[in-house]
Amino acid sequence: MTLRTRITLLTAGLLFVTLVVLGVALEGVLRSFLYRSLRAELLEASNQVVRLLNLGGQPLLEAGLPAGLYAELQLLPEEDPALLAREGGISLQKSPALGSGRLLLKEGDYRALLARGEVWARVELPREGTPLPLLVYARRVEVNVAGTVWKGLLLVGRPTEGIEATLTQFTRIYAGTALLVLLLSVLLARNLVARALSPLEWVARKAEAMPERPEPLPEPEGEDEVAALVKALNGMLSRMQKAFEAQTRFLQDASHELRTPITAILGHVGYLLRRTPLNEVQRESLETVRREAERMGKLVSDLLELSQSGSWRIEPIPVRVLDLLEEVREEFKRSFEGEILVEAPPEVYVRGDPDRLHQVLANLVSNSLKAGARQVWLRAFDLKDKVVVRVEDDGEGIPEEHLPHLFERFYRVDKARDRERGGSGLGLAIVKAILEAHGGEVWVESEVGKGTAFSFSLPASAPPPPPR
């Protein structure tokens, strides 16, 4: 997951949690306000009913209560909650919307009312469809109606449908608005994060496009953090460049200097072997010196070539793959007791330097011969935009744990045996460097006891134009 996506998701998550918490809080505040207002209205209506009843009840019949309120007076023949819950009382006012239902509390609410003198309760009146919910304020009252004292229970209620509808509408509006805000915020955050990270992506692209040798990055304008990062990277790349150049100069100088004494050693050893009478022990020692000097000479040549790999002059031209494979076979068939087979389409071309590609194939075939192969196959496959060349053998094979390291410099599978064969551990590193300079790649497959296959790909090319 990219940094841009993580920052956008984190922003969206924080905003989502904030909106949910804010919505719950606002809904709670609105609910509390609406029900607090309803409770105040029911208390006022209850007090008004008591005042009107004490005036004889006639004003109540004439003026009535506010529309939507439901009031009922329940007498207390006996303070029996079960009896009250069954019988109900005298309806003082009913809203037409309430139908013919009676205002009866639950037995537990009646017990609380008789014990405390007042109670708030929720009641559902039956009607067609869904029951009608009401919030009811009930209290014990004692009124003097026309000189007669009446003891009873006064119940005043109002439907809560309007409040719940208001809260539901608020929830829908808030959810829609919050969703729109969340969507716009995510788009805005993604855009802002993209703009903030674009300089870093630019630096990454420039660094990725950098060639093998380190080069300074173009420094952006301004004095922000990205410019500081680029300056720091350029300082590091400059130090790397100096170290790289110093290492290259050392390899080149050391290789040139070592060639002279090695040539002298080989010349003197050859002279002694040809012109001097030697016993068997002396001849064996001189042969060992010559063999080790030749190996050292090859190592020095490989080091010099590898140090120059970054400055090779590659002159790519269309190269016919079949001709290239045939040239390598002709080179090795006289010194190879086995068989080298070539399989390649006749009209397949790659774009590359023929001398360097010949060097690649010669290195790979030489490795096959050193591995004790009796047969070597040189095959080419046309994959339209690229060509794959395989060098397969039936040699001893390579253990699987060594395969990822074969193209590393100075890596040997069996150090003692490779020294005997004259290997320097640089041949495959040179192969890899040449192919990468051509825009290709190389890989290996092997199984112990069955053989090894080195494969490399190169960009395909059209045939060269015919000579005029």
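Just so it is clear, the structure is predicted and the values come from calculations on it, not from any experiment.
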Should we say atom [atom1] of [X] is surrounded by more than 12 heavy atoms from elsewhere, each under 6.0 Å from it?
X      : atom1 : value
Phe16  : CZ    : no
Glu401 : CD    : yes
Glu164 : CD    : yes

Would you check if [X] and [Y] make a side-chain contact, meaning some heavy-atom pair closer than 4.5 Å?
X      : Y      : result
Phe454 : Val360 : no
Leu324 : His358 : yes
Arg122 : Leu135 : yes
Leu192 : Leu188 : yes
Leu364 : Leu428 : yes
Leu435 : Leu458 : yes
Val365 : Phe336 : no

- Task: I would like to know whether Leu341 and Leu378 meet side-chain contact (heavy atoms from CB on, under 4.5 Å); could you show each step before the answer?
- Result: CA-CA 6 Å; Leu341 304 175; Leu378 305 179; over 6 Å; no
- Between Arg390 and Glu445, is a salt bridge (charged side-chain N to carboxylate O under 4.0 Å, His left out) present by the stated rule, with each step listed? CA-CA 10 Å; Arg390 288 175 64 86; Glu445 304 163 59; 3.1 Å; yes
- Would you call Arg283-Glu280 a salt bridge at under 4.0 Å N-O? no
- Query: Are the charged groups of Arg320 and Asp323 less than 4.0 angstrom apart, N to O?
  - Reply: yes
- Task: For residues 175-191, pull every pair meeting side chain to side chain donor-acceptor pair (under 3.5 Å), keeping only residues two or more places apart or in separate chains.
- Result: none
- Those residues that, when tested against His405, pass ring-ring contact (aromatic ring centres under 6.0 Å, His included) (two or more places apart): Tyr411
- Item | Euclidean distance, Glu400 CD relative to Ser446 OG, rounded to 0.5 Å |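 Nearest 0.5 Å value for the OG-CD distance: 10.0 Å.
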- Message: Assess the residue pair Val186 and Leu9 against the criterion (side-chain contact (heavy atoms from CB on, under 4.5 Å)); give the C-alpha distance rounded to whole Å, side-chain angles, the decisive distance to 0.1 Å, and a yes or no.
- Response: CA-CA 8 Å; Val186 168; Leu9 291 179; over 6 Å; no
- Query: Got a sec, which residues hit side chain to side chain donor-acceptor pair (under 3.5 Å) with Glu27, two or more places apart in sequence or on another chain?
  - Reply: Arg31
- Message: Tell me whether Tyr174 contacts the main-chain N or O of Leu19 through its side chain, where contact means a donor paired with an acceptor under 3.5 Å.
- Response: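 Looks like yes, one N/O pair under 3.5 Å.
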